[in-house]
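Heads up, the thing below is written out as structure tokens.
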Amino acid sequence: MIKVKNIYYMLAYAFQILNEAGYEKAAAEDFDNINDLMAAILSIGITNQVKRGLNRDYEVQTESLSCLRGKIDISASVKQQTLVMRKMVCSFDIFSENTPMNQILKTTSMLLIRSGDVHNARRRELKKLMLYFNNVDMINPLAINWTGLKYHRNNSTYKMLINICYLVIKGLLLTTETGTLKLGRYMDDQQMHRLYEKFVLEYYRKHYPRLKANPCFIDWNVDDGESDFLPQMKTDITLTNGIKTTIIDTKHYDRIMQNNPRFDKTSIRSAHLYQIFTYVKNRDKNNSGNVSGVLLYARTDEEITPDNDYSIGGNRISVKTLDLNADWAEIKEQ
């Protein structure tokens, strides 16, 4: 199990909030559980957003009015017989803070407020902030269209907050037998895998800018130029420094090693080793040996913890583990 404090640091790197006002206070606190941590991050982030001003957008509203406003909905006016009352149904735009992103912030905050795992002081902070959301609607968290959210210059500061809300709702939300919603305590494996990958990438970007850390696509080293139907190869992290390249593939699983009962042998997972080897050999088209690969696992409680370097076909392939349950200073040293 990863320390809650370390999850905070991982989130801080992943969403690049290390330099924003207020987050240094959270870094000094101890959190009992993940819900309390998420509530603290949202509280700070929403406070900063309120100071900047809640994003507003035009919202279509329809009302029966005695004077013209916007466009007349003739069909609705006839159906509702509003003309008898000397009124007409009008559709018009209002500039409102009742936007999808503000709705997501309010809905997530209310879930955390109702969670018994969140510290009372944190719940009070979120309740006070919700006063600024009086004109914002609550929505069904299970029906949020995450892919439909569009970011631009006026709402770019929402991106980190919405990502936190996504983690809370997708990673922590559970449905009870009675159909009501409640928050679980931990993110699922898929969410942790994505967070781990993003954390490692942003850590290298911040502390080792000379290495130019980026995910990248690798072309297949085909002989005849024909690559139709070959699967796409995209690395988690590629570090480049001059002619040297290191490809890092992050892995967050319950178990690192695989057992082969037939031969009574324990080994590194075949699929993972084949994957990193394929990345390296296709990137190193000229067989220069300047491309290396690393399988970087999050450490588990297994007895065998791989820490190996291999030279395979002229390229170095390493298998390493990162202990995310260690003190943060030790994680940095690793």
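Heavy atoms only: backbone and side chains are in, while hydrogens, waters and symmetry mates are out. It should be emphasised that the depicted structure is a prediction, and the values quoted were computed from it without experimental measurement.
Using modelled atom types, one finds a donor on one side chain and an acceptor on the other under 3.5 Å when comparing Arg205 with Asn214. The closest side-chain donor-acceptor pair between Asn98 and Asp137 falls under 3.5 angstrom. Residues Thr82 and Gln80 bring no donor and acceptor atom of their side chains to less than 3.5 Å of each other.
Going from atom CG of Asn6 over to atom CG of Leu324 covers 7.0 Å, rounded to the nearest 0.5 Å. Here Ile256 contributes atom CD1 and Thr300 contributes atom OG1; the two are 4.0 Å apart, rounded to the nearest 0.5 Å. Between the CG atom in Leu167 and the CD1 atom in Ile162 there is a gap of 11.5 Å [rounded to 0.5 Å].
Although no hydrogens or angles enter the test, the distance criterion places no donor-acceptor pair under 3.5 Å between the side chain of Asp73 and the main chain of Ser91. Checking side-chain atoms of Arg123 against main-chain N and O of Val118 turns up a donor-acceptor pair under 3.5 Å. A donor-acceptor distance shorter than 3.5 angstrom exists from the side chain of Asn155 to the backbone of His152, with no hydrogens or angles considered. Arg269 places no side-chain N or O within donor-acceptor distance of the main-chain N or O of Gln258, the cut-off being under 3.5 Å.
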Pairs of donor and acceptor atoms involving the side chains of residues 326-334, under 3.5 Å and at least two apart or interchain, shall be tabulated with distances.
| residue | atom | partner | partner atom | Å |
| --- | --- | --- | --- | --- |
| Asp327 | OD1 | Lys3 | NZ | 2.9 |
| Gln334 | OE1 | Asp323 | N | 2.9 |
| Gln334 | NE2 | Asp323 | O | 3.4 |

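Between Tyr203 and Tyr208, the ring-plane angle classifies as tilted under the 30° and 60° cut-offs. Between Tyr13 and Phe199, the ring-plane angle classifies as perpendicular under the 30° and 60° cut-offs.
For the pair Lys198 and Glu202, the salt-bridge criterion is met [side-chain N within less than 4.0 Å of a carboxylate O].
Sequence neighbours left out, the pairs with a member in residues 222-251 that pass salt bridge (charged side-chain N to carboxylate O under 4.0 Å, His left out) are Asp249-Lys251.
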